[in-house]
Amino acid sequence: MNTRWNPQTRGFETSARGRAVLADPRLNRGTAFTAPERRALGLDGLIPPRVLTLDQQADRAYGQYTAQPSDLAKNVYLTALHDRNEVLFYRLVSDHLSEMLPIVYTPTVGTAIERYSNEYRRPRGIYLSVDAPEDIEPALRASELTAADVDLVVATDGEAILGIGDWGVGGIDISVGKLAVYTAAAGIDPARTLAVVLDVGTNREQLLDDPLYLGNRHPRVDTGTYDAFIDAYVTTVSRLFPDALLHFEDFGPANARRILDRYRHDRFVFNDDIQGTGAVNLAAVLSGVRASGLPLREHRVVVFGAGTAGIGVADQLRDALAADGLGHEDATRRFWAVDRYGLLTQDQDGLRDFQQPYARPADEVADWRRDDKLGGIPLEEVVRRVRPTVLIGTSGQGGAFTEAVVRAMAAHADRPIILPMSNPTRLAEAVPAELLDWTDGRALVATGSPFEPVTRDGVTHLIGQANNALVFPGLGLGAVVARATRVTDGMLAAAAHAVAAQVDPTAPGASILPLTNELRRTSTAVAVAVARAAAEDGVARTTIDATIEERVREAMWEPVYRPVTAV
Ligand SMILES: NC(=O)C1=CN([C@@H]2O[C@H](COP(=O)(O)OP(=O)(O)OC[C@H]3O[C@@H](n4cnc5c(N)ncnc54)[C@H](O)[C@@H]3O)[C@@H](O)[C@H]2O)C=CC1
Ligand SMILES: CC(=O)C(=O)O
Ligand SMILES: [Mg+2]
């Protein structure tokens, strides 16, 4: 049995017949198969006689979806639909993007990952095991995709899923969820993508003890074994699919930065938590700066949670402050990074290499209040001393931006920019309604997971989602259209500026980021900006000219049925 996409006819050709057609989610259109198609594909009698349109199917599916009793059940329903009929799945998600994004993505994808081995129905993606590195190539080849067929591979090692930690093989659902967002938000062709989990074990006892756990039942491997496995993955996937962008997701803090730095200069790789998050945060701050009126170079930034995302965020923002006239050194000194033992200071043991640039000299903070239980200078003291204008949360610590912290900040900032970016929802450092209350409606807020608008004093404040989902889909699309060979800092900065340019944050209650129901428009703008930046940085393999916007739109896959020809 053989199925292939014919780019000339823009349709599928398949030797599959009967139930095999219905079992392939790329080909299957269920009750929408027409009478001639049913005859040609051996489907007569296998489907009820009425032929429905995609619109009718989408209506029915929406009814089934809304009847599900919980968010997790909705996620399971959509996963099953995805496995059954890919076009219908994307049609449904695209039609109800704001409603369904929280189900296929944060927060519910977090629950789905925690429940992976219990809710498992059928496989999706590619499962690579550290115990069988020799199987990397055969597993990738089993996708039946050839060198020119793959645009994007999203891989996780499952160690730092959102803010919920190590979930081992269940992490595959974050790769699947990110790909669903790539397609729904930016029209990345789902047939040209692969979701991967790099199963290197898990340190979560609960999983190791669970007889149903589906991943490798051993602790995470040592660094040497890990690095060799990652290298085998990167090398093999780049050889088999030389044009594919390798997206890394939710790696742990000991590995994420190291792996990115190892490959970013000579491979087509992207770490979403470092680079995508950095870009969306920069967009939120640029937009907040417009609303506040205080020039970028005058801002002071506290980052709470100095891990993969937090320092990724700091690095891109630091470069923007530097470019706004401060220079690298002075810009770096505008940052105070707080982690689990309080403010990062140069005399602290155990700082990670990527944290070190932001550690403050010990003598500068010698008289700041320390908290002995914490083992350092707490967030509240940092805020009182620093008087920040921007406060960013990437700690995974729900509620960490307390009333005292926020009021201390608001005492010295007219329009405090406060971004609780941690996911899922329950781990947000603060919720928008409280932030607006504690700041008398002055705070400029965006959050990692979705929140409802907040109305106070007659003003409705729309809450933008400071989530890398505003960046990575368009970044991927722009990189694919430009046929880029690297993801450069220029491409990330261009993405951030493009996102910020989508909104007018100056109106009362306006969101500082584009809303998710406009995600497709945002992704288009990001893709155009990224393609142009790729050309400027000399990493594009096509000419980028005035037609780029049209080319980006044309490249976007739409959820409509394509012809299926029996061969
Ligand atoms: N909105 C967005 O687009 C994104 C949000 N995130 C969120 O950021 C959070 C962190 O993710 P990663 O950076 O990937 O994880 P990570 O594990 O690399 O970093 C978390 C950091 O928080 C620190 N931390 C832990 N407890 C703390 C405490 N009590 N006080 C201060 N710091 C503490 C850890 O030591 C670590 O440095 C997660 O909740 C994740 O969902 C991550 C990526 C994108
Ligand atoms: C959004 C995302 O990438 C995270 O929370 O890890
Ligand atoms: Mg992530």
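The basis for the numbers below is simple: all heavy atoms, side chains too, and nothing from hydrogens, waters or symmetry mates. The first residue in the sequence is number 1, and the count goes up from there. Note that ligands are numbered from 1 as they come in the structure, with each ligand's atoms numbered from 1 the same way.
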Tell me which part of [X] gets within contact of ligand 1: side chain, backbone, both or neither, using heavy atoms under 4.0 Å.
X	answer
Ala466	backbone
Leu427	neither
Ala309	both
Met421	both
Ala306	backbone

Could you verify whether a donor N or O on one side chain and an acceptor N or O on the other, from [X] and [Y], lie under 3.5 Å apart?
X	Y	answer
Asp231	Tyr226	no
His82	Arg124	yes
Asp199	Ser129	no
Ser422	Glu429	yes
Ser449	Thr106	yes

Could you check whether the rings of Tyr263 and Phe248 sit parallel, tilted or perpendicular, using 30° and 60° as the cut-offs?
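Tyr263 and Phe248: tilted rings.
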Report yes or no: does [X] contribute a side-chain atom to a donor-acceptor pair with the main-chain N or O of [Y] at less than 3.5 Å?
X	Y	value
Asp273	Glu249	no
Arg442	Ala413	yes
Glu403	Trp438	no
Arg360	Arg333	yes

To check your reading of the model: name the closest protein heavy atom to [atom], its residue, and the distance in Å.
atom	answer
atom 28 (C) of ligand 1	Gln397 CG, 3.5 Å
atom 24 (N) of ligand 1	Ser395 O, 4.0 Å
atom 10 (C) of ligand 1	Thr394 O, 3.3 Å
atom 3 (O) of ligand 1	Asn468 N, 2.8 Å
atom 19 (O) of ligand 1	Gly307 CA, 3.4 Å
atom 33 (C) of ligand 1	Arg340 N, 3.6 Å

Closer than 2.8 Å to the Mg ion (ligand 3), how many protein N/O/S atoms do you count?
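Every protein N, O or S atom under 2.8 Å from the Mg ion (ligand 3) counted, the figure is 3.
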Before signing off on this row, confirm whether [X] and ligand 1 have an N or O atom pair separated by under 3.5 Å.
X	answer
Gly163	yes
Asn423	yes
Gln355	no
Val338	no

Contact table, ligand 2 N/O with protein N/O, distance under 3.5 Å:
{"residue": "ligand 2", "atom": "3 (O)", "partner": "Lys178", "partner atom": "NZ", "Å": "3.0"}
{"residue": "ligand 2", "atom": "3 (O)", "partner": "Glu249", "partner atom": "OE2", "Å": "3.0"}
{"residue": "ligand 2", "atom": "3 (O)", "partner": "Asp273", "partner atom": "OD1", "Å": "3.1"}
{"residue": "ligand 2", "atom": "3 (O)", "partner": "Asn468", "partner atom": "ND2", "Å": "3.0"}
{"residue": "ligand 2", "atom": "5 (O)", "partner": "Asn423", "partner atom": "ND2", "Å": "2.7"}
{"residue": "ligand 2", "atom": "6 (O)", "partner": "Asp250", "partner atom": "OD1", "Å": "3.0"}
{"residue": "ligand 2", "atom": "6 (O)", "partner": "Asp273", "partner atom": "OD1", "Å": "3.0"}

Pairs in or reaching into residues 465-479: which pass side chain to side chain donor-acceptor pair (under 3.5 Å), with residues at least two apart or in two chains?
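Sorted pair list: Tyr105-Asn467, Tyr105-Asn468, Lys178-Asn468, Asp272-Asn468, Thr277-Asn468.
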Nearest non-hydrogen contact with [atom] belongs to which option: [options]?
atom	options	result
atom 11 (O) of ligand 1	Leu162, Thr308, Asp273	Leu162
atom 44 (C) of ligand 1	Ile161, Thr277, Leu344	Thr277
atom 32 (N) of ligand 1	Asp272, Asp339, Leu374, Ile311	Asp339
atom 22 (O) of ligand 1	Pro420, Gly305, Pro424	Gly305

With side-chain contact (heavy atoms from CB on, under 4.5 Å) as the criterion, how do Ile417 and His299 come out once you've worked through the C-alpha distance, each side chain's angles and the decisive distance to 0.1 Å?
CA-CA 10 Å; Ile417 300 171; His299 282 265; 4.0 Å; yes
Considering only heavy atoms from C-beta outward, does the side chain of [X] approach that of [Y] to under 4.5 Å?
X	Y	answer
Ile392	Phe304	no
Pro416	Thr389	no
Phe335	Leu321	yes
Leu246	Phe270	no

Please determine whether side-chain contact (heavy atoms from CB on, under 4.5 Å) holds for the pair Gln275 and Arg264, giving the CA-CA distance in whole Å, both sets of side-chain angles, and the decisive distance to 0.1 Å.
CA-CA 11 Å; Gln275 297 171 298; Arg264 64 179 302 194; 3.7 Å; yes
Using a 4.0 Å cut-off to any heavy atom of [X], which atoms of ligand 1 qualify?
X	result
Ser422	7 (C), 8 (O), 9 (C), 39 (O)
Gly448	1 (N)
Phe304	30 (N), 31 (C)
Asn467	1 (N), 2 (C), 3 (O)

Heavy atom of protein inside 4.0 Å of atom 30 (N) of ligand 1, strictly below
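Neighbour list for atom 30 (N) of ligand 1 includes protein heavy atoms (cut-off 4.0 Å).
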Within residues 100-116 or reaching into it, pairs that qualify as salt bridge (Lys or Arg N to Asp or Glu O under 4.0 Å) - sequence neighbours excluded:
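Residue pairs passing salt bridge (Lys or Arg N to Asp or Glu O under 4.0 Å), neighbours aside: Glu114-Arg426, Arg115-Glu119.
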Go through it in stages, so that I can follow the logic: the residues are Tyr182 and Asp151, the test is side chain to side chain donor-acceptor pair (under 3.5 Å), and I'd like the CA-CA distance, side-chain angles, deciding distance and then a yes or no.
CA-CA 11 Å; Tyr182 268 108; Asp151 293 330; over 6 Å; no
Could you walk me through whether Trp167 and Asp173 satisfy the side-chain contact (heavy atoms from CB on, under 4.5 Å) test, starting with their C-alpha distance in whole Å, then the side-chain angles of each, then the deciding distance to 0.1 Å, before giving a yes or no?
CA-CA 10 Å; Trp167 287 94; Asp173 273 2; over 6 Å; no
Apply side-chain contact (heavy atoms from CB on, under 4.5 Å) to residues Phe241 and Leu140 and explain how you reach the verdict.
CA-CA 9 Å; Phe241 311 122; Leu140 291 168; 4.2 Å; yes
